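Just so we're on the same page: letters track the sequence lines, and every chain starts at 1. Given the structure is predicted, the values throughout are model-derived calculations rather than measurements. Heavy-atom basis, side chains included; hydrogens, waters and symmetry copies ignored.
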Amino acid sequence: MTGVAAEPPADVGVATNGVTRRAFIRTAAAAGGGLMLSVSTAWGRRGGVGPALANASSAAPEASFSPNVFVHLHPSGEVEIVVARSEMGQGVRTSLSAVIADEMEADWSRVRVVQAPGDPAFGDQNTGGSQSVRTDFQRLREAGAVARRMLEQAAADEWDVPVQECVGSAHEVTHVPTGRTLGYGALAEAAGNLAVPEDVALKTPDEFRYIGRPMDGVDNLDITTGAVVYAADVRLPGMVYAAVARCPVVGGSARSYQAEGALAVPGVIRVVELAAAPTPPGFAALGGVAVVAENTWAAFEGRDALRVDWEYGPNATHDSASYREALQEAVRAPGRADRSEGDLDAAFAAAAQTHSAEYYVPYLAHASMEPPACVASVTDEGCEIWAPVQDPQTARDLAAKLLERPEESVDLHVTLLGGAFGRKSMPDFVLEAVSISQQVGRPVNVTWTRADDLQHDFYHALSVQRIEGALDASGRATGWLHRTAFPSISATFEDGVDRPTGGELNLGCMTVPFDIPNLRCEACPAPAHTRIGWLRSVSNVHHGFAIGAFADELAALAGRDPKDYLLELIGPGRVGIVEGHGLGIAAHYCFVTYVGTVAEVSVTNGALRIHRIDTAVDCGLVVNPDRIRAQLEGAVVFGLSLALHGDITMKDGRVQQGNFHNYPILRIREVPDIHVHIVESDEPPTGVGEPGVPPVAPAVANAVFAATGQRIRELPIDVTTT
Amino acid sequence: MAKVTVTINGERRTVEVSPEMPILWVLRDVLGLTGAKFGCGMALCGSCTVLLDGEAIRACVEPISSAADKTILTIEGLSEDGSHPLQVAWRELNVPQCGYCMPGQIMNAAALLARNPSPTEAEIDEAQQRNLCRCGTYSRIREAIRTAASRSAATEGGGS
């Protein structure tokens, strides 16, 4: 049998590296102490690895959210804090737990962060839209504050003193008049018997202990020692591996297949069929033919040896080059007006100058370093899933539906996501694994290759935009017409959606932060021919590019400095630069956060070099300044990748790219000097995962113009054409 | 199928596999060492980087036969407890975001520092050019390598 080690490690198939598995199940009633109810899975070397034991169904948490589900304090003093949003590098496991720990006055060194499984008991777990901190800030503060209050009450009861004299701080309660103390652990059992208060006072910002301070990532040790268990790393007794052959064209299906070649590959066990996705596909698995094997490599080799006869379906002639032309035609005619103010015709009639330009951004792929991967184990008793999902409850619900079983029968463990950028909101890859496991009766580990990832994505929409501007005699913008054509994300889920939705225009187009009295935003036709999804900052990517670039074009037309003109457009220190370099500026507002970005570039012998990027962000109250910096640094790199390289093309209905040689992303040598500036604010915290992305491409485009006089109107940027 | 003997993280192991099976899958699926990651399968992303006789290789394309009677070092074996200067610097500077590329980044950097203890900026970029990071942590990777290098140099310089 291929792949059997002559001397297997004692625990192979059970856990990795000899790590023991631990699971945490506590109930307020069953445990011999402990404050709160929580159900949690453990991951990483220090936290245990592999499957958690099933929920103790008799002591399952209530279906509706309660703040108590986040905090679990042991008599030992160790406290588990449950994080219910998915970690994909944006830092929620650190930030959200720090918020609770701060209000609780827990000693950070006594805190262990535990990831919540997919379960409505934890409230909303959908992670996307740069809104985890923004949405959860208040209720997580309350969850921590409630814990502290109850510990203070328990101490007061123990000492028989007024609770007002008891203060919880740094993991112990002090009776202020006498200086007596009791550790949180010692108080845990008593506190667990108290009623949960309705209202608790929260800290004032000057009392914050962790919020506002740079906090080290809670998973750093596991990450740097290779101990993190990503989905593909999960090992279970009897587990097999699978690779899926999927139709290269969306909307197609397998007519027939020949498995002999695959079955002849050493290590291949079985070949099974997966039902084709409906039209529109929604979150359903694409379907196809799965090769099941003893190890990943045999599964890949087996799939290469498979012969499948595909029916390619209605999108078989989709061609991104001709589609671009169709969209160009579309934006030259009026569309659905989603925002209309003033009198645009009058503004253009009276204009001293008018200007128009069209902008193109191609299909883009997410290309997170971890390709989609999932382990599913379907038995008669239930279904257990390990998956890097941004929306655990939807994944669980759809898995249950697929199996025609109740949701409670599905345990979904959220693994650390090796990057996502929106791809892993779609649980199609989870449903594949569930279906295969159900068919073969064993736990299955499904890995996607890089080609699978690039060719079966939910792409960022290809777009063409046309902007027309009217200027008065002083160069001031008096009229603005923005037409945008791109296939809608909604088309992935609903029939008959043939142009962008109002919601998508609200991402950067209608929300243009310019003070122009006569303005219209129109959505133009663009039917979908592939799966479209949300990619880090979504429609802000192409809207931000076009608006940022066009604003700069107006500045040049008006004979004005771009920065001054931009500030004027928005309404209410000069850096010295090297000779031959150009500076470009762009600003964008999305997900309630404001970002301004400046790029310094040069073009020498036809080669574009980015020297420096400065990006300033106003995201309200700063929770973890270091992670905000990291997210903005990362957004610059992500934005440069799409500005300089990202280009998914389709021909004969299929994606032409297959790996990083033809879908390159930024490498270390291309990374400029990056400076992040965080604006101080007392406003409630807003998002940082996405807002740094949209202004990067237009800032670079505008810098190219400043350096060379060449206008950039399409991505990826090509400075060799004139 | 063939028996191949390799010393992995200091331990002599013998596996019975197809000699063409890439080192990556032997490590991950046969031996349960899942620290090295799969990112591309074409030696383009570096997530699978391990050291073969001290040299950084892309395990996704190297067949296990090429490692016969040689030594392999993976992220799991880089230190007992995460105390390699690179690992320490990586944590102090909060380099990781999603973490997926990090075992490969760290192993690649370890090979660099082993052969070139005081690399220049350009040499760091040249060495790490083979390792992609989609989260975009490159600025911090550079700083962490610089920091680890300068500490190791200081230790060696002042060591007794």
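The residues Asp233(A) and Arg235(A) are annotated as not salt-bridged, no charged nitrogen and carboxylate oxygen being separated by less than 4.0 angstrom. Ion pair Glu55(B)/Arg115(B) not flagged as a salt bridge, since none of the NZ, NE, NH1 or NH2 atoms sits closer than 4.0 Å to an Asp/Glu carboxylate oxygen. Salt-bridge check for Asp125(B) with Arg667(A): failed, with every basic side-chain N at 4.0 Å or more from each acidic carboxylate O.
Proximity of a side-chain donor or acceptor of Asp53(B) to a complementary backbone N or O of Lys70(B) within less than 3.5 Å is not detected. Side-chain atoms of Ser95(A) never come within 3.5 Å of backbone atoms of Asn624(A) as a donor-acceptor pair (strictly under, hydrogens ignored). A distance-only check finds no donor-acceptor pair linking the side chain of Asn131(B) to the backbone of Asn108(B) [under 3.5 Å]. Glu690(A) contributes a side-chain N or O that, together with a main-chain N or O of Ser537(A), makes up a donor-acceptor pair within less than 3.5 Å.
No hydrogens or angles considered: a donor-acceptor pair under 3.5 Å links the side chains of Thr74(B) and Glu76(B). In this structure, a donor-acceptor pair under 3.5 Å is present between the side chains of Thr5(B) and Thr14(B). With hydrogens and angles left out, the side-chain atoms of Thr615(A) and Thr597(A) include a donor and acceptor closer than 3.5 Å.
Taking Asp453(A), Ile674(A), Asp626(A) one by one and counting their heavy-atom pairs under 4.5 Å with chain B, the maximum is reached by Asp626(A). Interface summary for chain B: among Leu666(A), Leu640(A), Val671(A), the most heavy-atom pairs under 4.5 angstrom belong to Val671(A). Options Phe638(A), Tyr230(A), Phe660(A), Phe300(A) differ in how many heavy-atom pairs under 4.5 Å they form with chain B, and the most are formed by Tyr230(A). Between chain B and the options Arg627(A), Glu670(A), Gln90(A), the largest number of non-hydrogen pairs under 4.5 Å is found for Arg627(A). Chain A forms the most heavy-atom pairs under 4.5 Å with one residue out of Gln128(B), Lys37(B), Arg140(B), and that residue is Arg140(B). Interface check for chain B: of the options Ala373(A), Ala630(A), Gly634(A), the most heavy-atom pairs under 4.5 Å are formed by Ala630(A).
Looking at Met88(A), only its backbone comes within 4.5 Å of chain B, counting heavy atoms on both sides. Both the backbone and the side chain of Leu132(B) have a heavy atom closer than 4.5 Å to some heavy atom of chain A. For a residue to count as touching a neighbouring chain, one of its non-hydrogen atoms must lie under 4.5 Å from one of that chain's; by this rule Gln631(A) touches chain B with backbone and side chain alike. In this structure, no portion of Glu121(B) lies under 4.5 Å from any heavy atom of chain A. Of the two parts of Gln105(B), neither the backbone nor the side chain holds a non-hydrogen atom closer than 4.5 Å to a non-hydrogen atom of chain A. In this structure, no portion of Pro664(A) lies under 4.5 Å from any heavy atom of chain B.
Residues Trp25(B) and Val17(B) have side chains not in contact (no heavy-atom distance under 4.5 Å, counting atoms from C-beta outward). Looking at Cys135(B) and Phe421(A), their side chains come closer than 4.5 Å, going by heavy atoms from C-beta outward. Residues Val375(A) and Met239(A) form a side-chain contact, since some pair of their non-hydrogen atoms from C-beta on lies under 4.5 Å apart. Side-chain contact between Ile613(A) and His675(A) is absent, with no heavy-atom pair separated by less than 4.5 Å. The shortest side-chain heavy-atom distance between Gln657(A) and Gln455(A) does not fall under the 4.5 Å cut-off.
Contact residues of residues 38-52 of chain B toward chain A are Phe38(B), Gly39(B), Cys40(B), Met42(B), Leu44(B), Cys45(B), Ser47(B) (heavy-atom distance under 4.5 Å). Within residues 57-68 of chain B, no residue has any heavy atom closer than 4.5 Å to a heavy atom of chain A. Contacts from residues 84-102 of chain B to chain A, taken as heavy-atom pairs separated by less than 4.5 Å, involve Gln87(B), Trp90(B), Arg91(B), Asn94(B), Pro96(B), Gln97(B), Cys98(B), Gly99(B), Tyr100(B), Cys101(B), Met102(B) in sequence order.
Partners of Arg213(A) according to the salt bridge (Lys or Arg N to Asp or Glu O under 4.0 Å) rule, which considers only residues two or more places apart in sequence or in another chain, do not exist here.
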Residue pair Lys424(A), Phe429(A): steps toward the side-chain contact (heavy atoms from CB on, under 4.5 Å) verdict: CA-CA 9 Å; Lys424(A) 293 164 180 165; Phe429(A) 63 100; 4.2 Å; yes

Worked check of salt bridge (charged side-chain N to carboxylate O under 4.0 Å, His left out) between Asp614(A) and Arg612(A): CA-CA 7 Å; Asp614(A) 282 73; Arg612(A) 179 174 165 144; 2.5 Å; yes

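Ring-centre distance between Trp297(A) and Tyr241(A): not below the 6.0 Å cut-off.
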